[in-house]
Asks: 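This is the structure I want to talk about, given as structure tokens.
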Amino acid sequence: MTEPSGTAGTDFIRQIIAADKASGKHDGRVVTRFPPEPNGYLHIGHVMSICLNFGIARENNGCCYLRFDDTNPAKEDQDFVDSIMADVSWLGFDWQDQLTHASDYFAAIHDCAVKLIEDGKAYVDSLSADEIRAHRGTLTEPGVDSPHRDRPIAENLDLFRRMRDGEFADGACVLRAKIDMAAPNMNLRDPTLYRIRKLVHQRTGDAWSMYPMYDFAHTISDALEGITHSLCTLEFEDHRPLYEWILDNLELPSRPRQIEFSRLNVAYGITSKRKLAALIDKGLVTGWDDPRMPTVAGMRRRGYTAQSLQTFVRNAGVTKKDKLIEMGALENCVREDLNECAPRVFAVLDPLKVVLTNYPEGQMERLTAANHPNLPDMGSREIPFTREIYIERDDFMEDPPRKFFRLRPGGEVRLRYAYIIKCVDVIKDAAGNVTEVHCTIDPESKSGKPGAERKVKGTIHWVSAAESIGVEVRLFDRMFTVANPDAERDGKAFTDFLNPDSLTIAPDCRIEPGLAAAAPGTRVQFERLGYFVVDIRDAAPGRPVFNRIVTLRDSWAKLERAQLAQI
RNA sequence: UGGGGCGUAGCCAAGUGGUAAGGCAACGGGUUUUGAUCCCGUGUACCGCAGGUUCGAAUCCUGCCGCCCCAGCCA
């Protein structure tokens, strides 16, 4: 693995934290938190936040809470809680004892609300949601005070108690902070602190009939946990004044500082939970863990490694500038990691039969192949060689372009770890499609023999026809046809930009026999093709299904494109 | 047209007044029984634009332009 770029570790947030430690702020403690709402699966954007928060805690001998922001029972679900914990663990982080929920603090948050009411800093508003919106004003016009804004404290206290006790229907009233209806920052125009939701909460059951809003619950939770640095994404920058107002007007045990950074977006993907969920609802993908999804579960099933994801976000950096990072940067991290650890094997995705006419029928040799050409410690394996083999259909061309140095009529090519063969005949069906190629082997060119030193331009992979196993392989491509599907244009929805070829199934692939028993989750390199993983859901014993994780770099494809462009 | 944020090579990103790091991509070349890996080499980026301050500015000031976020009883 390459070292992250030299500046990693010195981003502006880490600089702030280093300065705080140096000045003795918080007695030098560093406490962070990753606060997901359990209303969807984690995606690549969250990976950034997870690595930042847990990474910073680790680097500073601090700790990082995994806190579920479960303040809206209408949207949240235990399923999502489970998936989030599994994803964070898989990514390589440990929250130890620091697993919490905003709901753990509901009583304390309630008491904070009461305190604000008692201090005349919060009031119960009986306006409807529509009326509140109308009173809020617009971006350019100030809002107007609610007629209930100056209710006596005693009345507010009574109303709030009755909200808590379930005396009112959903929407009948809310608790609002009394700040400034003319504030240029919309978040300060008397933001809602509590709303009535007569729903069973997945953790607190029916104990509450009202729930705190994000800003209120989150700020108090941070302070209660002794969070020193509360890191969040840019869209919360406008909320910081409210965060600070809450800290200023309550007596909390600590004073966290909110710092915002930009979200990480990957080109040709989306990271909106709503849109991700829509893809599932519409049946456009098979689920949250569809290997095309930019979710952690999807990328894991796709075969990406946790290490490569960590490297990726670290290389991306931490700044306040909007990022749209090339897919290739992610893929490169995956290749870089897998190149080190994935054993090499042979598989043919689109088989073309080759008959070696001068090789005895019924004969079989076991040839030795290295599991990793650059890492001898990974050992070797034997692969069966027979008279009939399969090669990649792409590796034969009847009328090849310039610089094509694989198999062609009359031409020679090396079968990796085996013999040099020469094409002597091409068999076609009535439609003119090549169905079979006949070749002769050069027996002196067998790998390991002195004659093997003879050079030919190309080397291709192959698999024995009789001694290989048929499997299904799934090939994935980018999910969208445009770099930034989140930015809708011309009134089109993001689903209008779905790539119809994001999934291609190769149903009749052939793999070397030793792979039949590969366990789900096993990652290998199919030589010359790419990295593949045994699917963790659909594999049957003895009959694995493979997902293509990422292709190898392909300078031939690039050359071919360049040649085509010249025509 | 209110408020907040951001603008350094195709994509990320250092730089915090002294004369533009690094990574990825791209392009050359070498090694190679994976057209992979690996290795070597190649970039004047009008530092968004225009003024100003200064001996000197990507870094300070002023004005402008562009992009993103905010009007949930979502987070």
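Order of the sequence lines sets the chain letters (A, B, ...), proteins ahead of strands, with each chain counted from 1.
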Asks: Using OP1 and OP2 only, check whether a side-chain N or O of Gln258(A) sits under 4.0 Å from G4(B).
Replies: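 No, no such contact exists.
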
Asks: For Lys422(A), check side-chain hydrogen bond (donor to acceptor under 3.5 Å, both in side chains) against everything at least two apart and list the hits.
Replies: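 For Lys422(A), no residue satisfies side-chain hydrogen bond (donor to acceptor under 3.5 Å, both in side chains) once neighbours in sequence are set aside.
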
Asks: Can you name the side-chain hydrogen bond (donor to acceptor under 3.5 Å, both in side chains) partners of Tyr419(A), sequence neighbours left out?
Replies: Glu365(A)

Asks: Could you tell me how far C55(B) sits from C38(B) if I compare only their C1' atoms? Round to whole Å.
Replies: 49 Å

Asks: Can you list the stems that include RNA chain B, where a stem is three or more consecutive Watson-Crick or G-U pairs with distances under 3.5 Å?
Replies: B:2-7 with B:65-70, B:10-12 with B:22-24, B:26-30 with B:38-42, B:48-52 with B:60-64

Asks: Rounded to whole Å, how long is the line connecting atom CD of Glu412(A) with atom C1' of U33(B)?
Replies: 14 Å

Asks: Figure out the CD/P separation between Glu331(A) and G23(B), and round it to whole Å.
Replies: 21 Å

Asks: Would you indicate, yes or no, if A36(B) has its OP1 or OP2 atom less than 4.0 angstrom from a side-chain nitrogen or oxygen of Arg344(A)?
Replies: no

Asks: Does NZ or CZ of Arg478(A) come closer than 6.0 Å to the centre of the six-membered ring of Tyr268(A), within 45° of the ring's axis?
Replies: yes

Asks: When all nucleic acid strands are considered with a 4.0 Å heavy-atom cut-off, which category describes Arg406(A): base, sugar-phosphate, or nothing?
Replies: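 Touches a base.
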
Asks: Rounding to an integer number of Å, can you tell me how far Asp11(A) CG sits from C12(B) C1'?
Replies: 13 Å

Asks: Identify the pairs formed between an N or O of the protein and an N or O of nucleotides 6-9 of chain B at a distance under 3.5 Å, and give each distance.
Replies:
unit_1 : atom_1 : unit_2    : atom_2 : d
U8(B)  : OP2    : Lys321(A) : NZ     : 2.7

Asks: Going 5' to 3' through nucleotides 70-75 of chain B, assign each nucleotide B (protein heavy atom under 4.0 Å from a base atom), S (under 4.0 Å only from sugar-phosphate atoms) or - (no protein heavy atom that close).
Replies: BBSBBB

Asks: Take the protein atom CG of Leu242(A) and the nucleotide atom P of G4(B), then report the distance between them rounded to whole Å.
Replies: 16 Å

Asks: According to ring pair (Phe, Tyr, Trp, His ring centres under 6.0 Å), does anything in residues 170-198 of chain A pair up with another residue at least two apart or in another chain? List the pairs.
Replies: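 Passing the test, one end in residues 170-198 of chain A: Phe160(A)-Tyr194(A).
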
Asks: For U34(B), does the base pair up with any side-chain atom of Thr459(A) as donor and acceptor (N or O, under 3.5 Å, distance only)?
Replies: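 Answer no: no donor N or O sits under 3.5 Å from an acceptor.
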
Asks: If you assign Ser445(A) and Glu141(A) each to the RNA chain B nucleotide with the nearest heavy atom, which residue ends up on the more 5' nucleotide?
Replies: Glu141(A)

Asks: Please state the C1' separation for the pair U32(B) and U37(B) - nearest whole angstrom.
Replies: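 9 Å, rounded to whole Å.
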
Asks: Would you indicate which nucleotide in G35(B), U33(B), U34(B) comes nearest to any side-chain atom of Ala452(A)?
Replies: U33(B)

Asks: According to salt bridge (charged side-chain N to carboxylate O under 4.0 Å, His left out), who are the partners of Glu527(A), at least two apart in sequence or on a separate chain?
Replies: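 Only Arg416(A) meet the salt bridge (charged side-chain N to carboxylate O under 4.0 Å, His left out) criterion with Glu527(A).
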
Asks: Using the side-chain contact (heavy atoms from CB on, under 4.5 Å) criterion, which residues pair with Asp130(A)? Sequence neighbours excluded.
Replies: Ser128(A), Arg133(A)

Asks: Checking only heavy atoms, does the side chain of Glu260(A) share a donor-acceptor pair with the base of G5(B) at less than 3.5 Å?
Replies: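 Side chain to base: no pair below 3.5 Å.
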
Asks: So His239(A) and Asp215(A), side-chain hydrogen bond (donor to acceptor under 3.5 Å, both in side chains) or not? Walk me through it.
Replies: CA-CA 8 Å; His239(A) 294 236; Asp215(A) 290 292; 2.7 Å; yes

Asks: Answer whether the closest heavy-atom distance between the side chains of Leu234(A) and Phe261(A) falls below 4.5 Å.
Replies: no

Asks: I'd like the P distance from G4(B) over to A13(B), given in whole Å.
Replies: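 The same atom, P, in both gives a distance of 24 Å.
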
Asks: Determine the Euclidean distance between corresponding C1' atoms of A71(B) and G23(B); express it in Å to zero decimal places.
Replies: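 Taking atom C1' in both G23(B) and A71(B), they lie 41 Å apart.
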
Asks: Have a look at Tyr211(A) and say if it touches a base, only the backbone sugar-phosphate, or nothing, with a 4.0 Å heavy-atom cut-off.
Replies: nothing

Asks: Nearest-Å distance, CZ (Arg240(A)) to P (G3(B))?
Replies: 17 Å

Asks: Using the P atom as the point on both nucleotides, what is the distance between G7(B) and A14(B), in whole Å?
Replies: 10 Å

Asks: Considering only atom P, compute the distance from G28(B) to C65(B) and round it to an integer number of Å.
Replies: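 It works out to 43 Å between them.
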
Asks: Mind checking the NE2-CD1 spacing from His43(A) to Ile270(A)? Nearest 0.5 Å is all I need.
Replies: 9.5 Å

Asks: Tell me, which of residues 550-560 of chain A have any heavy atom that sits under 4.0 Å from an atom in RNA chain B?
Replies: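 Leu552(A), Arg553(A), Ser555(A), Trp556(A), Lys558(A) - these, ordered by number, are the residues of the stretch whose heavy atoms sit under 4.0 Å from the strand.
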
Asks: Is it true that the side chains of Thr100(A) and Glu225(A) contain a donor and an acceptor less than 3.5 Å apart?
Replies: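 Checked: Thr100(A)/Glu225(A) side chains pair up, N/O donor to acceptor below 3.5 Å.
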
Asks: Could you tell me whether His218(A) and Tyr214(A) have their ring centroids closer than 6.0 angstrom?
Replies: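 Yes.
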
Asks: Identify, with sequence neighbours excluded, every residue that meets salt bridge (charged side-chain N to carboxylate O under 4.0 Å, His left out) alongside Arg454(A).
Replies: Glu412(A), Asp442(A)

Asks: Separation of Lys323(A) atom NZ from G5(B) atom P, in whole Å?
Replies: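 Going from Lys323(A) (NZ) to G5(B) (P), I get 18 Å.
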
Asks: Rounding to the closest angstrom, what is the interatomic distance between G51(B) and A58(B) at atom P?
Replies: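 Each nucleotide's P atom is 14 Å from the other's.
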
Asks: Determine the Euclidean distance between corresponding C1' atoms of A21(B) and G43(B); express it in Å to zero decimal places.
Replies: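 Taking atom C1' in both G43(B) and A21(B), they lie 14 Å apart.
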
Asks: May I ask you to test the Ser49(A)-Leu52(A) pair for a side-chain heavy-atom distance under 4.5 Å?
Replies: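 Of all side-chain heavy-atom pairs linking Leu52(A) with Ser49(A), none is under 4.5 Å.
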
Asks: Residues in salt bridge (charged side-chain N to carboxylate O under 4.0 Å, His left out) with Arg162(A), at least two apart?
Replies: Asp158(A), Glu167(A)

Asks: For Gly448(A), answer base if it contacts any base atom (sugar-phosphate contacts may also be present), sugar-phosphate if it contacts only those atoms, and nothing otherwise; contact means non-hydrogen atoms under 4.0 Å.
Replies: base

Asks: Does A13(B) have OP1 or OP2 sitting under 4.0 Å from an N or O in the side chain of Thr319(A)?
Replies: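 Thr319(A) to A13(B) OP1/OP2: side-chain N or O found under 4.0 Å.
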
Asks: Just confirming the chi classification of G72(B), syn or anti, using 90° around 0 as the syn window.
Replies: syn

Asks: Starting at atom CZ of Phe261(A), determine the distance to atom P of A13(B), rounded to an integer number of angstrom.
Replies: 13 Å

Asks: Both conditions, 6.0 Å and 45 degrees, for the charged tip of Arg548(A) above the ring of Phe526(A): are they met here?
Replies: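 So Arg548(A) doesn't make the cation-pi contact.
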
Asks: With sequence neighbours excluded, what pairs up with Glu141(A) under the salt bridge (charged side-chain N to carboxylate O under 4.0 Å, His left out) test?
Replies: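 Per chain and number, Glu141(A) pairs via salt bridge (charged side-chain N to carboxylate O under 4.0 Å, His left out) with no residue.
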
Asks: Taking CZ from Phe346(A) and C1' from A36(B), how many angstroms apart are they, rounded to a whole number?
Replies: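 These atoms are roughly 13 Å apart.
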
